Number of protein chains: 2
Amino acid sequence: MARIPDPKRTLTLRDVSEASGVSEMTVSRVLRSRGDVSDTTRERVLDAARKLGYVPNKIAGALASQRVNLVGVIIPSLSNMVFPEVLTGISETLEDTGLQPVVGVTNYSPEREEAVLYEMLSWRPSGVIIAGLEHSDASQAMLANAGIPIVEIMDIDGTPVDSAVGISHRRAGLEMAAAIIAAGYRRIGFLGTMMPHDHRARKRLDGFEEGLAKAGLTLADREFYSGGSALLKGREMTAAILSRTPDLDFLYYSNDMIGAGGLLYCLDKGIDIPNKLGLAGFNGVELLDGLPRRLATMDACRYEIGRIAAEIVAGKHREGVIGGEVVELTPTLEPGDTIRRA
Amino acid sequence: MARIPDPKRTLTLRDVSEASGVSEMTVSRVLRSRGDVSDTTRERVLDAARKLGYVPNKIAGALASQRVNLVGVIIPSLSNMVFPEVLTGISETLEDTGLQPVVGVTNYSPEREEAVLYEMLSWRPSGVIIAGLEHSDASQAMLANAGIPIVEIMDIDGTPVDSAVGISHRRAGLEMAAAIIAAGYRRIGFLGTMMPHDHRARKRLDGFEEGLAKAGLTLADREFYSGGSALLKGREMTAAILSRTPDLDFLYYSNDMIGAGGLLYCLDKGIDIPNKLGLAGFNGVELLDGLPRRLATMDACRYEIGRIAAEIVAGKHREGVIGGEVVELTPTLEPGDTIRRA
DNA sequence: GCCAGAACTGTTAGCGGTAACATAGCCATT
DNA sequence: AATGGCTATGTTACCGCTAACAGTTCTGGC
């Protein structure tokens with residue numbers, strides 16, 4: 001009596017319905033635990049479904065119910081530790097909402113972002129979480145007209161389409177400058193990425209220079225890179241900037257990875273850290289814990305950003321709020337061992 | 001005459017059809033570039049679509065056409081550099097096939113894997129790429145009955161459901177043992193993760209011990225960890241194993257990250273690497289380039305694995321093959337500076 | 001001028017589910 | 001016995017789009 005499923009055709013509700021002798025609607029109800037179904041029927045249906053190896057077709061379900069349990073998450077990169085942690089926050093929070101994150105990566109390209117966003121919206125997700133506030137006009141329009149919750153994350157220096165959760169990178173740069181100056185450093189160099197579309201890094205640098213200006217200082221030198229192993233690049237850039245401008249007494253790196261490379265380089269060369277030369281990075285990556293000295297950094301509240309963004313999309317945050325909301329998180333300076341203590 | 005789209009209702013083909021004065025079918029043809037449409041009509045339709053900000057509904061499209069341009073990719077983790085590189089290989093290869101990867105993460109949990117797989121299959125993807133050969137019975141059954149190309153990646157020590165692309169981790173361990181013994185080391189310790197479900201790490205260790213046994217040796221000591229910053233754990237474990245068994249002359253780490261931590265620790269302590277103590281890791285992560293010394297490692301062909309897996313799913317690989325195929329890649333030993341040279 | 005065939009556009013019938021609304025059976029009330 | 005209110009199940013009409021087929025007009029060849 002046991003029916004071996006035909007391997008050629010994929011199963012539908014009808015197959016389960018026939019195998020269990022009830023209507024498709026009842027099967028649907030059982031599989032979604034919705035509505036009243038008698039225990040005996042439920043058992044029979046579940047049995048049949050299991051036996052056949054039935055997997056519901058969410059495409060049909062979504063079309064019929066006009067509900068999709070997907071949340072689009074659009075980020076620039078996966079390779080730099082920072083976004084995986086945001087994703088963790090999102091996933092954990094979404095876990096018990098029935099929502100499912102779907103990730104798209106843009107590689108810091110506005111065109112890719114537009115394409116990824118278009119593709120995602122064409123699946124009619126319940127919400128979108130997207131990194132940054134800067135998007136192409138077309139992307140901006142799509143976000144505004146999507147008719148679903150949109151949360152722009154990481155950054156709040158700008159005008160969000162709907163909601164935003166993040167930190168002020170301008171302010172992060174500003175505060176780092178203040179801390180460095182307070183510690184007595186004066187000849188300060190900057191080392192960063194050469195990515196025209198990394199707006200957050202740019203804003204940090206802007207804020208940093210503004211902070212220096214307040215004290216009547218300007219950047220003594222700067223060095224940019226693109227591509228390659230960040231740790232190695234950190235070494236090379238540090239060597240380059242120090243040979244060009246030997247009297248620098250502080251190096252501000254746009255991220256922890258190149259900062260770590262710089263730190264290793266300086267230790268190799270026997271440079272007196274933090275007395276002769278101070279160092280700082282940005283992000284607070286876990287990696288730093290294993291370094292010979294703790295690099296000064298500022299954490300970007302990545303996990304928290306993911307958590308709150310997911311809450312907003314899931315409608316769990318501030319029930320009352322109608323329109324978009326902006327949540328500003330405040331990063332804390334972790335002085336580590338590479339800035340002179342007051 | 002310009003119609004502002006009603007922000008409450010989402011647009012359908014019918015809206016574009018009405019705005020451009022042609023049938024829905026013609027609009028559909030224009031937007032998919034399928035079939036013959038006159039230039040003037042095409043222009044009018046595209047214009048209307050753009051003006052309205054229409055985004056096609058792939059849910060409806062997929063249901064009607066029974067075609068979904070999605071490939072499910074199931075991996076255990078995003079946080080350890082190794083899978084992002086596989087994803088890069090997959091994405092780049094899929095780019096010009098019209099297929100789109102959708103990533104699911106299992107955190108090395110078979111239950112999560114089962115849930116993620118079920119969820120993915122319910123969207124009826126065109127194929128599935130999944131890490132590892134070990135799955136729960138239910139997952140195994142789902143994969144076997146899905147009726148789509150399945151590619152199991154990273155590992156080939158076992159029996160694939162359909163196709164497989166990867167390296168032999170057993171052999172990787174075996175060869176590393178041979179190289180270490182050939183370099184004259186005899187008191188060998190192992191440091192690894194305490195993850196019962198990381199089958200590939202286990203197979204490497206099995207192979208490694210087998211290699212030692214061939215030379216009449218056994219592991220002199222071993223140390224396991226779980227959770228936390230891998231770099232820091234590498235330091236701590238190294239300190240622990242060396243204080244417990246001070247006469248070790250080689251440490252084999254199950255991954256590069258803890259290996260790097262160990263290397264930094266040894267350099268801190270002024271231990272003579274590679275003469276008094278040799279070190280080796282596994283994976284060939286880019287990170288290592290920036291370390292003071294290059295850690296010996298074995299690359300896992302991650303990018304290549306992603307590329308080939310994607311080709312198989314896309315049907316671009318070995319046109320003639322009917323059933324599943326197994327592609328074995330061979331990792332190469334990179335001796336770096338932490339193994340004595342012959 | 002007629003016809004085959006291409007080029008273009010429209011019509012119809014689903015794809016596999018679910019919302020919304022029947023319907024049927026059963027029990028406790030009145 | 002009739003009424004009402006459950007619970008348990010079935011029926012019908014779509015969701016938004018596309019495959020398949022059915023026109024219709026436009027070509028060019030003879």
Side-chain angles (χ1 to χ4, degrees), chain A residues 5-6 9-46 48-49 52 54-70 98 119 121-126 146-147, chain B residues 5-6 8-46 48-49 52-69 98 119 121-126 147:
Chain A
D6 178 352
R9 220 173 41 76
T10 69
L11 300 163
T12 73
L13 266 193
R14 155 157 262 108
D15 295 292
V16 183
S17 136
E18 284 172 359
S20 55
V22 297
S23 72
E24 299 175 36
M25 194 62 228
T26 300
V27 176
S28 171
R29 278 195 268 256
V30 170
L31 296 178
R32 288 177 302 146
S33 328
R34 204 160 305 248
D36 301 308
V37 181
S38 72
D39 289 347
T40 52
T41 307
R42 184 193 323 286
E43 283 312 313
R44 253 189 323 150
V45 169
L46 287 177
L52 294 172
Y54 173 71
V55 178
N57 185 333
K58 289 221 178 176
I59 296 181
L63 182 61
S65 67
Q66 302 285 61
R67 257 183 278 104
V68 181
N69 66 335
L70 262 25
E119 166 78 13
L121 290 181
S122 74
W123 288 101
R124 300 289 187 267
S126 299
Chain B
D6 178 352
K8 288 166 193 292
R9 218 172 42 77
T10 70
L11 299 163
T12 74
L13 267 193
R14 153 156 263 107
D15 295 291
V16 183
S17 138
E18 284 172 0
S20 55
V22 298
S23 72
E24 299 175 34
M25 195 61 226
T26 300
V27 176
S28 169
R29 278 195 269 257
V30 169
L31 296 178
R32 288 179 300 145
S33 326
R34 206 160 302 252
D36 300 308
V37 181
S38 74
D39 289 347
T40 52
T41 306
R42 183 193 326 285
E43 281 313 311
R44 254 193 318 157
V45 169
L46 287 176
L52 295 172
Y54 173 70
V55 178
N57 185 331
K58 289 218 179 181
I59 295 179
L63 183 59
S65 68
Q66 303 283 63
R67 256 182 279 105
V68 181
N69 67 334
E119 165 79 13
L121 290 181
S122 74
W123 288 100
R124 301 289 187 266
S126 299

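Naming convention: chains lettered A, B, ... in sequence-line order (proteins, then strands); numbering from 1 in each chain. Keep in mind that this is a model prediction, so the values were computed, not measured.
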>> For a quick check, tell me whether the side chain of A:R32 and the base of C:dG17 share a donor-acceptor pair closer than 3.5 Å.
In response: no
> In whole Å, what is the span from the CZ atom of B:R29 to the C1' atom of D:dC21?
Replying inline: 11 Å
> Can you name the closest pair of heavy atoms from B:I59 and A:R124 and give their distance?
Replying inline: CD1-CB, 4.3 Å
> Would you say the side chain of A:R124 and the base of D:dG16 hold a donor-acceptor pair, judged only by whether the two atoms sit under 3.5 Å apart?
Replying inline: no
>> From C-beta outward on A:Y54, which listed nucleotide comes closest to its side chain: C:dG17, D:dC17, C:dA20?
In response: C:dG17
>> Need one value for B:N57: base, sugar-phosphate or nothing, where a base atom within 4.0 Å counts as base even if backbone is also close, heavy atoms only.
In response: sugar-phosphate
> Could you give the NZ-to-P distance, from A:K58 to C:dG17, as a whole number of Å?
Replying inline: 12 Å
>> If I take atom CZ from residue B:R14 and atom OG from residue B:S23, how far apart are they, to the nearest 0.5 angstrom?
In response: 10.5 Å
>> Under 4.0 Å from OP1 or OP2 of D:dC15: is there any side-chain N or O of B:T12 that close?
In response: no
>> Counting only side-chain nitrogens and oxygens, does B:S38 get under 4.0 Å of the OP1 or OP2 atom of C:dC8?
In response: no
> In whole angstrom, what separates B:L13's CG from D:dT18's C1'?
Replying inline: 9 Å
> Could you give the CG-to-C1' distance, from B:D36 to D:dT24, as a whole number of Å?
Replying inline: 14 Å
> So which heavy atom on A:Y54 is nearest to which on A:T12, and how close?
Replying inline: CE1-C, 3.5 Å
> Tell me: CE of B:M25 to C1' of C:dA13, nearest whole Å?
Replying inline: 13 Å
>> Looking at B:T26, I'd like to know whether one of its side-chain N or O atoms comes within less than 4.0 Å of OP1 or OP2 on C:dG10.
In response: yes
>> Distance check needed: D:dG16 C1' versus B:E24 CD, whole Å only.
In response: 8 Å
>> I need the B:R34 CZ to B:S28 OG distance, nearest 0.5 Å.
In response: 9.0 Å
> With nearest nucleotides of DNA chain C determined for B:L63 and B:D39 from heavy-atom distances, which residue corresponds to the more 5′ nucleotide?
Replying inline: B:D39
>> Measure CD1/B:I59 against P/C:dC15 and give the value in whole Å, please.
In response: 19 Å
> So what does A:R67 hit on the nucleic acid, given a heavy-atom distance under 4.0 Å: a base, only sugar-phosphate, or nothing?
Replying inline: sugar-phosphate
>> So, does B:S23 get its side chain near the phosphate of C:dG10, meaning an N or O under 4.0 Å from OP1 or OP2?
In response: yes
>> Could you measure the distance from the OG1 atom of B:T26 to the CG atom of B:L31? Nearest 0.5 Å is fine.
In response: 10.5 Å
>> What is the distance, to the nearest angstrom, from the CH2 atom on B:W123 to the P atom on C:dG16?
In response: 15 Å
>> Strictly below 4.0 Å: does B:Q66 bring a side-chain N or O up to OP1 or OP2 of D:dC17?
In response: no
